[in-house]
Amino acid sequence: KKKRSKQNTAARTRINHPHHQQNPCILPLLSDRDRSTAMSSETKSCREVWEEMNNLLAKSKLIRNYSRSIDMSDYTVVTELFPFEALMVYSAWNLEDSINENDRSKYFSAHRGGSQGDYRAGMRNKIANVVDCLLKFPKSKRAVITVPNNPNPAHSSDDDAKCMREIHFYLDEIGGETLLNATVWMRAQAAEIFPKNIHFVGSLMDRVAQGLAVEDGACHGIKVGSLFYLATTLISLRED
């Protein structure tokens, strides 16, 4: 009886807490059994990373600070949720390119990312700034794109809770070649949405590399290299 009484008291305490009154569906913190950390320096392909994410999440519901060095020579990971055409349309949209309205109606959905995965606003100028930075200062540490545009974000706003937060670009001399490498930071990553995000990041790196291939040949021959990828929170599905 005493044990049951303590449990009831604890339940009443949770219900009466102001934060729980505002959000009655709040979930308890994950136990160590359901939470894990994954960090590795081994370089994998984009598809291998997607497969690794799913394998890890089959053992742990949530992973903190997942990181991986990714070879960006092929950033297309086609899945049932993201056929090739959907990947192309989403990346074009987030690059601030023009897209066909019929394609937008056909492929855009809340399940595929919603406003949290909409990175379009101001992206052309952000890309131009990075290109200009690396053309003038090839060793610069300031070739950065910050995705969120709101200096005073609200945690309750999906528009303010962009999954991709920031990406840093840098030029590295490796094996006699100049490579455009990058580091990206994700607030959260659902493994099922990874194909869309990595396709956009790859397309973004390609766009910057194209901008650096100036006509006078000063930066001609720059290739897209690797990406250091970091997700603070890795889950399986958006609903998790």
Side-chain angles (χ1 to χ4, degrees), residues 38 40 43-57 62-97 99 104 107-123 126-127 130 144-149 158-169 180-209 224-240:
S40 177
T43 300
K44 290 181 177 289
S45 70
C46 292
R47 175 162 288 278
E48 287 174 336
V49 169
W50 177 68
E51 292 171 347
E52 179 182 65
M53 287 178 173
N54 286 291
N55 289 336
L56 289 171
L57 289 164
L62 178 149
I63 294 172
R64 296 290 192 201
N65 299 317
Y66 172 89
S67 67
R68 174 62 69 188
S69 177
I70 306 177
D71 175 6
M72 296 300 289
S73 59
D74 181 4
Y75 49 82
T76 300
V77 181
V78 173
T79 65
E80 184 176 350
L81 181 60
F82 287 105
F84 179 73
E85 294 79 8
L87 294 174
M88 294 295 292
V89 172
Y90 266 107
S91 289
W93 173 262
N94 282 327
L95 288 169
E96 208 177 351
D97 292 344
I99 65 171
R104 184 179 180 183
Y107 295 112
F108 278 35
S109 70
H111 187 190
R112 285 178 170 148
S115 58
Q116 295 179 66
D118 188 340
Y119 312 138
R120 180 180 177 87
M123 189 54 69
K126 294 175 183 181
I127 294 171
V130 165
V144 176
I145 288 179
T146 301
V147 175
N149 295 314
D158 281 354
D159 287 338
D160 290 346
K162 303 300 185 187
C163 294
M164 181 175 165
R165 310 305 292 179
E166 198 162 275
I167 180 167
H168 302 192
F169 299 88
L180 175 68
N181 296 326
T183 297
V184 68
W185 171 39
M186 307 292 293
R187 170 186 64 80
Q189 176 69 75
E192 66 172 349
I193 308 297
F194 175 79
K196 183 189 80 169
N197 286 337
I198 202 64
H199 192 275
F200 167 61
V201 171
S203 299
L204 186 56
M205 293 178 72
D206 267 341
R207 187 65 57 89
V208 171
V224 171
S226 62
L227 172 75
F228 184 79
Y229 174 96
L230 172 63
T232 303
T233 302
L234 180 64
I235 53 177
S236 182
L237 307 175
R238 287 195 68 225
E239 294 77 13
D240 290 346

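Hydrogens, waters and symmetry mates play no part in the numbers below; they use all other heavy atoms, side chains included. Starting from 1, each residue takes its place in the sequence as its number.
Note that CG of Leu57 is 8.5 Å distant from CE of Met53, once rounded to the nearest 0.5 Å. To the nearest 0.5 Å, atoms OG (Ser236) and CG (Leu56) are separated by 11.0 Å. Here Thr183 contributes atom OG1 and Tyr229 contributes atom OH; the two are 13.0 Å apart, rounded to the nearest 0.5 Å. For the atom pair Met164 CE and Leu204 CG, the distance stands at 6.0 Å (nearest 0.5 Å). If you take OG on Ser67 and CZ on Phe228, they are separated by 4.0 Å, rounding to the nearest 0.5 Å. Atom NE2 of His168 and atom CD1 of Ile145 lie 10.5 Å apart (nearest 0.5 Å).
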Side chain to side chain contact (heavy atoms under 4.5 Å, CB included) evaluation trace for Asp118 with Lys162: CA-CA 7 Å; Asp118 188 340; Lys162 303 300 185 187; 3.9 Å; yes

Might you work through the side chain to side chain contact (heavy atoms under 4.5 Å, CB included) test for Thr233 and Leu62, ending with a clear yes or no? CA-CA 7 Å; Thr233 302; Leu62 178 149; 3.8 Å; yes

Assess whether side chain to side chain contact (heavy atoms under 4.5 Å, CB included) is satisfied between Val208 and Ile127, documenting all intermediate values. CA-CA 7 Å; Val208 171; Ile127 294 171; 4.2 Å; yes

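With sequence neighbours left out, the ring-ring contact (aromatic ring centres under 6.0 Å, His included) criterion links Trp93 to Phe108. For Asp159, the side-chain contact (heavy atoms from CB on, under 4.5 Å) partners are Ser115, Ser157, not counting sequence neighbours. Under the rule for a side chain to side chain donor-acceptor pair (under 3.5 Å), Asp158 has no partner lying at least two apart in sequence or in another chain. For Thr76, there are no side chain to side chain donor-acceptor pair (under 3.5 Å) partners at least two apart in sequence or on another chain. In this structure, the side-chain contact (heavy atoms from CB on, under 4.5 Å) partners of Ala190, at least two apart in sequence or on a different chain, are Glu192, Ile193, Ile235, Arg238. Not counting sequence neighbours, Phe169 has no partner by the ring-ring contact (aromatic ring centres under 6.0 Å, His included) test. Listed by chain and residue number, Arg47 satisfy the side-chain contact (heavy atoms from CB on, under 4.5 Å) test with Glu51 (two or more places apart in sequence, or in another chain). Applying the side chain to side chain donor-acceptor pair (under 3.5 Å) test to Gln116 and every residue at least two apart in sequence or in another chain returns Arg187. Residues passing the side chain to side chain donor-acceptor pair (under 3.5 Å) test with Tyr119: none are found, sequence neighbours excluded. Annotation: side-chain contact (heavy atoms from CB on, under 4.5 Å) contacts of Asp206 (sequence neighbours excluded): Tyr75, Gln210, Val224. Arg112 pairs by the salt bridge (charged side-chain N to carboxylate O under 4.0 Å, His left out) definition with nothing, not counting sequence neighbours.
Side-chain atoms of Ile99 and Arg104, non-hydrogen and from C-beta on, do get closer than 4.5 Å to each other. Using a 4.5 Å cut-off on side-chain heavy atoms (C-beta onward), Leu227 and Asn181 make no contact. Looking only at side-chain heavy atoms (C-beta outward), Leu95 and Ser203 come within less than 4.5 Å of each other.
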List, one per line, each side-chain donor-acceptor pair under 3.5 Å for residues 78-92, sequence neighbours excluded.
unit_1, atom_1, unit_2, atom_2, d
Thr79, OG1, Leu81, N, 3.4
Thr79, OG1, Phe82, N, 3.0
Tyr90, OH, Ser109, N, 3.1
Ser91, OG, Leu87, O, 3.2
Ser91, OG, His199, ND1, 2.6
Ser91, OG, Phe200, N, 3.4

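The backbone N or O of Trp50 lies less than 3.5 Å from a partner atom in the side chain of Asn54, making a donor-acceptor pair. Judged by distance alone, with hydrogens and angles left aside, the side-chain atoms of Asp71 form no donor-acceptor pair with the main-chain N or O of Ser226 at under 3.5 Å. Counting only distance, with no hydrogens or angles, the side chain of Glu48 and the backbone of Ser45 share a donor-acceptor pair below 3.5 Å. Judged by distance alone, the side chain of Lys44 and the main-chain N or O of Arg68 form no donor-acceptor pair under 3.5 Å.
A side-chain N or O of Asn149 and one of Lys126 form a donor-acceptor pair less than 3.5 Å apart. Defined by atom type and a distance below 3.5 Å, a donor-acceptor pair is missing between the side-chain atoms of Arg64 and Thr232.
Nearest heavy-atom pair across Asn197 and Gln189 is ND2-OE1, 3.0 Å. Heavy atoms only, all atoms of each residue included: Arg120 and Asp97 are closest at NH1-O, 2.8 Å. Nearest heavy-atom pair, Ile70 versus Thr43, reported as atom, atom and distance to 0.1 Å: C-CG2, 4.1 Å. When all heavy atoms are compared, the tightest approach of Met72 to Cys46 is SD-SG, 3.8 Å.
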